[in-house]
Amino acid sequence: MNIIKLNATASTNIFLKEMALHNEVDNLTVVVTEDQFKGKGQRGNGWSSEKGKNLTFSVFLKDFVQQHHDLFLLNIIVPLCVIEALKKFDIPNVKVKWPNDILSGNKKIAGILVENFFRSNGSIYSVIGIGLNVNQDHFPHLPQAASLKMIKDRTFSKEEILLAIMEQMQSFFSDSVELNEDEIWNKYHELLFRKGIPTVFESAESGKFMGIIQEVNREGKLCIQLEDDSVRTFDVKEVKMYY
């Protein structure tokens, strides 16, 4: 495993993407930084992290998307890897909030951003950005955020957690592993936050409405049962969940 450690960078995703454009990069190369000052999350939101307190890193993956017709599958596997790793540290009630945030209880502890890039030679590489709140003590103006330290009342080793996550990723992305996609999707749905529970949502078209999450389909869209028993599908930017 090739781990590149940086004191500071604007974004580990951008750093790794630029690195892959100009150099041959080994599969599962990791770029980790103590200070990421222009991190990016889902929906184009920023990802803010206190310097030296949290895990902010990106992982390079080559041609996984090309081998699997299911483009959203990578967004399923990565949160499962993070959750399996967190189990080793006894983090309670860990769930994945669609599309791929990680929660403990109803507090967000991690965010994941997967970006796929298509090369002129036909190859496809993916850059997987992960931000995990580890030892930060407070999150001003972010009442739904928490860290592992806040949840367990102790300080964690960031390096131990990084290695635990990468061990899980190696077990999924090794060339010798044949993935059971149905099993992976089933596991994701078992861990899907508020699946089967009446929840308030909001969309630009309907305003606030009550619905029940049924599943995430193979295109990565959220399927919600409405009060009239019909089921609507929503893309990432089309609906907001209140919890």
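Just so it is clear, the model here is predicted, and its values are computed rather than measured.
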K.L.:
Can you tell me if CD on Glu159 sees more than 12 non-hydrogen neighbours from other groups inside 6.0 Å?
P.N.:
no

K.L.:
Which pair of heavy atoms, one from Leu28 and one from Met166, lies closest together, and at what distance?
P.N.:
O-CE, 4.0 Å

K.L.:
Is there side-chain contact between Lys152 and Pro92, with heavy atoms separated by less than 4.5 Å?
P.N.:
yes

K.L.:
Do Lys107 and Asp101 sit within salt-bridge range, that is, some charged N less than 4.0 Å from a carboxylate O?
P.N.:
no

K.L.:
Is it true that atom NZ of Lys88 has more than 12 heavy atoms of other residues, nucleotides or ligands lying nearer than 6.0 Å?
P.N.:
yes

K.L.:
Within the structure provided, determine whether Met169 and Ile128 are in side-chain contact (heavy-atom separation under 4.5 Å).
P.N.:
yes

K.L.:
Report yes if the side chains of Asp35 and Asn7 come closer than 4.5 Å at any heavy-atom pair, otherwise no.
P.N.:
no

K.L.:
Is the closest side-chain heavy-atom distance between Leu86 and Ile109 below 4.5 Å?
P.N.:
yes

K.L.:
Shared ILVMFWY cluster between Phe57 and Ile3, side chains joined below 4.5 angstrom?
P.N.:
yes

K.L.:
For residues Ile165 and Phe60: do they belong to one hydrophobic cluster (side chain heavy atoms under 4.5 Å, members Ile, Leu, Val, Met, Phe, Trp, Tyr)?
P.N.:
no

K.L.:
Any heavy-atom pair between the side chains of Pro140 and His138 that's under 4.5 Å?
P.N.:
yes

K.L.:
Can you confirm whether Val94 sits close enough to Lys87 that some side-chain heavy atom of one is under 4.5 Å from a side-chain heavy atom of the other?
P.N.:
no

K.L.:
More than 12 non-hydrogen atoms from neighbouring residues, nucleotides or ligands closer than 6.0 Å to CG on Asn93, yes or no?
P.N.:
yes

K.L.:
Starting at CD1 of Ile76, measure out to CD1 of Ile184 and round the result to the nearest 0.5 Å.
P.N.:
9.0 Å

K.L.:
Is Glu238 paired with Arg232 through a side-chain N to carboxylate O contact shorter than 4.0 Å?
P.N.:
no

K.L.:
What distance do Phe64 atom CZ and Leu179 atom CG have between them, rounded to the nearest 0.5 Å?
P.N.:
5.5 Å

K.L.:
Where do Phe234 and Trp98 come nearest, in terms of heavy atoms and distance?
P.N.:
O-CZ2, 3.5 Å

K.L.:
Which atom names give the shortest non-hydrogen contact between Ala8 and Thr33, and what distance separates them?
P.N.:
CA-OG1, 3.3 Å

K.L.:
Kindly say whether Asp228 contributes a backbone atom to a donor-acceptor pair with the side chain of Ser230 at under 3.5 angstrom?
P.N.:
no

K.L.:
Of all the heavy-atom pairs spanning Met210 and Glu227, show the shortest one and how long it is.
P.N.:
O-CG, 3.8 Å

K.L.:
Under 4.5 Å between any side-chain heavy atoms of Asn133 and Met150, yes or no?
P.N.:
no

K.L.:
side-chain contact (heavy atoms from CB on, under 4.5 Å), that's the test. Do Phe209 and Ser203 meet it? Break it down for me.
P.N.:
CA-CA 8 Å; Phe209 63 94; Ser203 70; 4.0 Å; yes

K.L.:
I'd like to know if the side chain of Asn54 and the backbone of Val134 have a donor-acceptor N/O pair within less than 3.5 Å.
P.N.:
yes

K.L.:
Evaluate the side-chain proximity of Pro99 to Asn75: yes if any heavy-atom separation is below 4.5 Å, no if none is.
P.N.:
no

K.L.:
Do Asp229 and Gln225 have side-chain N/O donor and acceptor atoms under 3.5 Å apart?
P.N.:
yes

K.L.:
Between Thr29 and Asp26, is there a donor-acceptor pair closer than 3.5 Å when you use the side chain of the first and the backbone of the second?
P.N.:
yes

K.L.:
How long is the span from the CG atom in Leu222 to the CD atom in Glu215, to the nearest 0.5 Å?
P.N.:
9.5 Å

K.L.:
Would you confirm whether Lys158, through its side chain, and Thr56, through its main-chain N or O, come within 3.5 Å as a donor-acceptor pair?
P.N.:
no

K.L.:
Yes or no on side-chain contact (heavy atoms from CB on, under 4.5 Å) for Val216 and Leu192, after CA distance, side-chain angles and deciding distance?
P.N.:
CA-CA 9 Å; Val216 175; Leu192 186 59; 3.9 Å; yes

K.L.:
From Asn27 CG over to Asp63 CG, what is the distance, rounded to the nearest 0.5 angstrom?
P.N.:
8.0 Å

K.L.:
Indicate whether the side chain of Ser11 and that of Asn13 have a donor and an acceptor atom separated by less than 3.5 Å.
P.N.:
no

K.L.:
Which distance, rounded to the nearest 0.5 Å, do you find between the CD1 of Ile130 and the OG1 of Thr12?
P.N.:
9.5 Å

K.L.:
Treating Ile, Leu, Val, Met, Phe, Trp and Tyr as nodes and any side-chain heavy-atom pair under 4.5 angstrom as an edge, say whether Tyr188 and Val236 lie in one connected cluster.
P.N.:
yes

K.L.:
Would Lys108 and Lys97 satisfy side-chain contact (heavy atoms from CB on, under 4.5 Å), going step by step from the backbone distance to the final call?
P.N.:
CA-CA 9 Å; Lys108 180 176 176 178; Lys97 176 179 170 287; over 6 Å; no

K.L.:
Would Lys17 pass as a cation-pi partner of Phe117, given that its NZ or CZ must be under 6.0 Å from the six-membered ring centre and within 45 degrees of the axis?
P.N.:
no

K.L.:
For the residue pair Phe156 and Phe89, categorise the inter-ring angle as parallel (less than 30°), tilted (30 to 60°) or perpendicular (more than 60°).
P.N.:
perpendicular

K.L.:
If two hydrophobic side chains count as joined below 4.5 Å and joins carry through other members, does Phe173 share a cluster with Val25?
P.N.:
no

K.L.:
For the ring pair Tyr243 and Phe193, is the centre-to-centre distance below 6.0 Å?
P.N.:
yes

K.L.:
What closest approach, in Å, do Asp182 and Arg218 show between heavy atoms, and which atom pair accounts for it?
P.N.:
OD1-NH2, 2.9 Å

K.L.:
Nearest heavy-atom pair of Leu74 and Pro79: which atoms, and what distance?
P.N.:
O-CD, 4.5 Å

K.L.:
Starting from Leu16, can I reach Leu61 by hopping between I/L/V/M/F/W/Y residues whose side chains sit under 4.5 Å apart?
P.N.:
no

K.L.:
Rounded to the nearest 0.5 Å, how far does OG of Ser147 lie from CD of Gln136?
P.N.:
7.0 Å

